[in-house]
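These notes concern the structure reproduced below.
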Amino acid sequence: MMEIKELFKSYKDYVNKEVEIHGWIKKSRESKTIGFLEINDGSFFNNVQVIVNGDLLNFKEIFSLGIYAAVNVKGILVEPENAKQDFEIQATEIEILNDSDKDYPLQNKRHTFEFLRTLPSLRARTNAFNAVFRVRSELAFAIHKFFNERGFVYIHTPLITASDAEGAGEMFRVTTLDLNNPPRDEEGKVDNSKDFFGALSNLTVSGQLEVEGFAMAYSKVYTFGPTFRAENSNTPRHAAEFWMIEPEIAFAELKDVMAVAEDMVKYIVKHVMEKLPEEMNLFDQFVEKGIKERLTKLVNSEFKKVTYTEAVEILQKSGKKFDYPVEWGSDLQTEHERYLTEEVFHGPVFVTDYPKDIKSFYMKLNDDKKTVAAMDMLVPGVGELIGGSERENDLETLLQLMEEKGINAEDYKWYSDLRRFGGVKHGGFGLGFERMVMYMTGMKNIRDVLPYPRTVHSMR
Ligand code: 4AD
Ligand code: MG
């Protein structure tokens with residue numbers, strides 16, 4: 001049995017020899033005396049053409065099968081003259097493994113991504129999604145390879161947690177309580193705050209706080225796992241369940257964190273372009289023209305840097321009419337981020353030193369006491385790809401920042417105590433994995449880079 005990808009690589013060794021493949025029928029046409037099948041097993045884009053002579057015992061049965069019926073084919077590999085294919089298989093025996101019903105929804109025509117979204121369990125069978133999810137897999141591998149080669153330790157942070165790392169309160173509760181019959185206190189008031197063995201529990205929004213503890217043990221660590229946000233953002237860039245890569249580095253400042261982020265993005269882009277050239281060609285041809293050139297440029301460029309304060313000035317002076325006004329102190333909106341990266345910097349840009357009031361409690365307070373040592377990496381087409389910061393390592397300042405944000409310091413003692421026991425300056429970032437896949441493929445909607453997207457209005 002040969003995988004189709006392998007066969008395309010080494011067919012020259014099999015000319016006029018017997019080969020065996022299995023796969024699904026992508027196309028089929030026949031006359032009385034001869035028929036043609038195109039077979040694929042999903043390991044490669046190109047289909048294998050199989051020639052079936054009319055005298056094959058089950059010829060009729062084979063050509064009454066539906067699209068995506070599964071077959072096992074034995075035959076002789078031949079090099080056709082004047083044909084489009086490199087090779088064909090002259091079938092000697094075809095075993096039918098399973099038919100496919102005639103109402104199979106993916107007939108041979110181009111379907112829109114919107115339509116294919118309604119078929120999450122089938123859409124990976126199309127060339128575009130086959131390529132997207134292969135890139136997703138290869139990107140994940142490249143990320144592990146990048147960190148592994150640099151001595152980072154991979155930490156599995158918990159998915160069920162009591163902490164709210166981003167302080168936005170957009171968490172999914174996890175509970176074992178019977179909410180139809182909630183627990184009550186002595187006065188009969190509902191108290192359903194003690195979900196799990198007496199503690200409030202949620203699905204994690206970020207593994208950062210937990211992984212910071214491990215950074216103080218190993219110096220260089222990262223976590224890579226699913227995260228959950230119950231934000232009601234129905235946009236092409238937000239999902240309720242998405243994956244995040246979060247490195248955390250001890251003895252590091254913001255500039256060191258940005259250097260790792262830049263190196264990582266370049267490394268993984270280069271890895272995928274080298275490893276999956278056919279997939280990249282497909283995106284270039286059908287999804288976003290020029291994407292290969294854009295990514296090649298990125299790998300060879302130096303990412304720009306601008307402070308939040310400078311960015312606000314640039315936006316204000318741009319004369320462009322934005323839906324949301326720009327003023328110092330308010331968060332940059334996607335339209336602002338895209339303008340900066342697409343029309344001002346024409347490539348990735350780090351925006352640094354945001355006002356403390358719009359950022360999380362753990363970020364290091366700058367000397368001006370108004371801004372924090374934070375950074376966002378913005379990229380064309382996607383906007384915010386990465387968010388990170390140096391962490392506040394001074395216990396007093398950290399406790400004060402928590403108080404300002406209304407966070408109960410007692411709940412985070414395990415975290416702030418890291419400062420008391422040999423805490424050193426440190427920082428890290430979070431890369432939104434789906435946004436990286438979007439950037440790498442040119443896909444414009446996060447729903448099209450998640451195998452089974454969990455977004456507002458899409459639970460199946
Ligand atoms: O900027 P965020 O919220 O940062 C953190 O969670 C930090 N704890 C990271 C750290 O410093 N360790 O999220 C990081 C990235 C964003 O830049 C974005 O790419 C992605 O995660 N992201 C989302 N992706 C898809 N859907 C959502 N709802 C997302 N929210 C954030
Ligand atoms: Mg962010």
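Just so you know, ligand 1 is whichever comes first in the structure, and atom 1 is the first atom listed for that ligand. A quick note: this is a predicted structure, and the numbers were derived from the prediction, not measured.
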Ring-plane angle category for His336 and Phe322, please: parallel below 30°, perpendicular beyond 60°, tilted otherwise. perpendicular

Would you please classify the geometry between the Tyr154 ring and the Tyr222 ring as parallel, tilted or perpendicular, with 30° and 60° separating the classes? parallel

Polar contact flag, side-chain donor to acceptor under 3.5 angstrom, Tyr267-Arg150: no

Can you tell me how the ring of His111 sits relative to the ring of Phe115, calling it parallel under 30°, perpendicular over 60° and tilted otherwise? tilted

Quick check on contacts: which atoms of ligand 1 are under 4.0 angstrom from a heavy atom of Ile446? 25 (C)

Filtering Glu246, His238, Arg391, Glu434 for the heavy atom nearest atom 11 (O) of ligand 1 leaves Arg391

Can you find a pair of side-chain heavy atoms, one from Leu254 and one from Met258, that are under 4.5 Å apart? yes

Closest protein heavy atom (residue, atom, distance) for atom 28 (N) of ligand 1: Glu231 OE2, 2.7 Å

Checking the N or O distance criterion of under 3.5 Å, is ligand 1 in contact with Leu385? yes

Say whether Glu248, considering both its backbone and side-chain N or O atoms, lies within less than 3.5 Å of an N or O atom on ligand 1. no

Any idea which of Met244, Arg435, Arg237, Lys359 brings a heavy atom closest to atom 13 (O) of ligand 1? Met244

Between Ser389 and ligand 1, does any nitrogen or oxygen pair lie at a separation below 3.5 Å? no

Tell me which N, O or S atom of Glu384 sits nearest to the Mg ion (ligand 2). OE2

Which residue owns the protein heavy atom closest to atom 5 (C) of ligand 1, what's the atom, and how far is it? Glu166 OE2, 3.3 Å

Give me the nearest non-hydrogen protein atom to atom 1 (O) of ligand 1 as residue plus atom name, then the distance to 0.1 Å. Glu384 OE2, 3.1 Å

Leu209 side chain near Glu212 side chain, heavy-atom distance below 4.5 Å: yes

Lys255/Glu253 under salt bridge (Lys or Arg N to Asp or Glu O under 4.0 Å): CA gap, chis, key distance, verdict: CA-CA 5 Å; Lys255 66 171 175 17; Glu253 296 176 0; 3.7 Å; yes

Just to confirm my output: which protein heavy-atom neighbour is closest to atom 20 (C) of ligand 1, and how far is it? Gly432 CA, 3.6 Å

Using 30° and 60° as the class limits, which term best fits the ring planes of Tyr415 and Phe361: parallel, tilted or perpendicular? perpendicular

Starting from atom 15 (C) of ligand 1, what is the nearest protein heavy atom, named by residue and atom, and what distance separates them? Gly430 O, 3.6 Å

I'd like to check whether Leu431 has a polar contact with ligand 1, where a contact means an N/O of the residue lying under 3.5 Å from an N/O of the ligand. no

Is there a polar contact between ligand 1 and Ser206, counting only N or O atoms under 3.5 Å apart? yes

Is it true that Glu231 and Arg229 have a side-chain N and a carboxylate O under 4.0 angstrom from each other? no

In terms of atom number and element, which parts of ligand 1 are under 4.0 angstrom from non-hydrogen atoms of Tyr362? 7 (C), 8 (N)

Proximal atoms of ligand 1 relative to Ile386 (non-hydrogen, under 4.0 Å): 17 (O)

Below 4.0 angstrom, N of the basic side chain to O of the carboxylate: do Glu335 and Lys320 qualify? no

